[in-house]
Enquirer: 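Following this message is one structure expressed as structure tokens.
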Amino acid sequence: MKRNIVIAAVTAAALVGGGTATALATTGDDDRGTTPRADVSVSDDGGVRDEADDRADDAARAAAAKVTAADAVAAALADTPGTAVSAELDDEDDDRDGDDDGDDRRERAAWEVDVLAGDGTWHSVRVDPATGKLLGSEKDDEDDTAEVRAALKGTSVDAAEAAKAAAGHGTVTSVELDEDGHYGDGKPAWEVETHTSGKGEQEWRVDPRTGKVTADRSHDSDDSRDSDDD
């Protein structure tokens, strides 16, 4: 009874104040233990958001992008020649929120493409997802250059081609080289994420030699192992 009163009171206060509240549910008697925590997020408009809402937002942003991952890679390489190692559709530039230089290009959504240049330097290139125009480029510090080059040696499928291969399963939102393979088995692959209406986010692996696309089950295995440990 006490638990219900606490939840009702906190939720009512959030609705009246127009803010967001989180209710923690516990039993009234210490010797009975503690019930699982119940997180209730109340939005400003009185609605309740959950992970399903967030996935729906991600899918909407992906669908709104007119420039595909493959197009973004091509635009980045036209500006910074080299090898594209990853491309990700960023909703916002969180790393630069602290900068106050008056350049709003640093805050807009963009494709962020990591390029390994021929001289061994790394570059982060940002491409507008609506127009394909370059938003900016800067050098990055990476220490896995040798591993990346070794993983790509003798391969024929690049990041753009991997994105195209997985595009049949949904809108590609990221593609990234996994130089270590499943659990470090030494078999490199391109990891691709897609969003599809009704299915949400899905993950795929693309063979860098053949272009074959398979479902990425590594996370399912991780979850299974965690469950077994529990």
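Note that this is a predicted model, so its numbers are computed, not measured. All values below come from the heavy atoms of this structure, side chains included, with hydrogens, waters and symmetry mates left out.
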Enquirer: Quick check: does any side chain N or O of Trp111 sit under 3.5 Å from a backbone N or O of Ala76, one acting as donor and the other as acceptor?
Expert: no

Enquirer: For the residue pair Ala151 and Leu177, what are the closest heavy atoms and their distance?
Expert: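 Smallest interatomic distance, heavy atoms only, reads CB-CD2, 4.3 Å.
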
Enquirer: Heavy atoms, side chains only, cut-off 4.5 Å: are Val113 and Ser86 in contact?
Expert: no

Enquirer: Test side chain to side chain contact (heavy atoms under 4.5 Å, CB included) on Glu191 and Asp216; report intermediate values, then the result.
Expert: CA-CA 8 Å; Glu191 294 183 334; Asp216 187 350; 4.2 Å; yes

Enquirer: Just verifying a value: how many Å separate Leu152 CG and Glu179 CD, rounded to the nearest 0.5 Å?
Expert: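 Answer for the CG-CD pair, Leu152 versus Glu179, is 8.5 Å.
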
Enquirer: Measuring from Ser174:OG to His195:NE2, what's the distance to the nearest 0.5 Å?
Expert: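 Here the interatomic distance stands at 9.0 Å.
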
Enquirer: Under a 4.5 Å cut-off applied to non-hydrogen side-chain atoms, are Glu193 and Glu201 in contact?
Expert: yes

Enquirer: Nearest heavy-atom pair of Val172 and Ala166: which atoms, and what distance?
Expert: CG2-C, 4.3 Å

Enquirer: Table please: side-chain donor-acceptor pairs of residues 156-163 below 3.5 Å, with sequence neighbours left out.
Expert:
unit_1: Ser156; atom_1: OG; unit_2: Arg209; atom_2: O; d: 3.0
unit_1: Asp158; atom_1: OD1; unit_2: Ala160; atom_2: N; d: 3.3
unit_1: Asp158; atom_1: OD1; unit_2: Glu161; atom_2: N; d: 2.8
unit_1: Glu161; atom_1: OE1; unit_2: Asp158; atom_2: N; d: 3.0

Enquirer: Indicate whether the side chain of Glu112 and that of Ser124 have a donor and an acceptor atom separated by less than 3.5 Å.
Expert: yes

Enquirer: What's the shortest heavy-atom distance between Ala110 and Pro129, and which atoms?
Expert: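 So the two residues come closest at CA-CD, 3.7 Å.
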
Enquirer: So, for Val125 and Ser137, which heavy atoms are closest and what is the spacing to 0.1 Å?
Expert: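 Smallest heavy-atom distance, with atoms named: CG2-OG, 3.7 Å.
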
Enquirer: Going through the checks in order, is the salt bridge (charged side-chain N to carboxylate O under 4.0 Å, His left out) test met by Asp71 and Lys66?
Expert: CA-CA 10 Å; Asp71 292 337; Lys66 297 179 180 179; over 6 Å; no

Enquirer: Tell me the ring pair (Phe, Tyr, Trp, His ring centres under 6.0 Å) pairs involving residues 117-170, sequence neighbours left out?
Expert: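 Pairs touching residues 117-170 that pass the test: His169-Trp204.
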
Enquirer: If you look at every heavy atom in Gly82 and Leu77, which pair is closest and at what distance?
Expert: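 Answer, listing the atom of Gly82 first, then Leu77: O-CD2, 3.6 Å.
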
Enquirer: When you check the gap from the basic side-chain N to the acidic O, do Arg205 and Asp178 get nearer than 4.0 Å?
Expert: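 Salt bridge: yes.
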
Enquirer: Yes or no on side chain to side chain contact (heavy atoms under 4.5 Å, CB included) for Val127 and Leu135, after CA distance, side-chain angles and deciding distance?
Expert: CA-CA 5 Å; Val127 178; Leu135 296 177; over 6 Å; no

Enquirer: With a sphere of 6.0 Å drawn around CG of Asp119, does it hold more than 12 non-hydrogen atoms of other residues, nucleotides or ligands?
Expert: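 Result for CG/Asp119: enclosed.
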
Enquirer: Counting distance only, does the side-chain N/O of Asp144 pair as donor-acceptor with the main-chain N or O of Glu147 below 3.5 Å?
Expert: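 Side chain of Asp144 to backbone of Glu147: no pair is present.
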
Enquirer: Using 0.5 Å steps for rounding, measure from the CG atom of Leu116 to the OG1 atom of Thr80.
Expert: 11.5 Å

Enquirer: Would you say Thr173 and Thr194 make side-chain contact, with heavy atoms under 4.5 Å?
Expert: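 Not in contact.
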
Enquirer: Determine the minimum heavy-atom distance between Val67 and Gly132, stating which atoms define it.
Expert: CG2-N, 3.3 Å

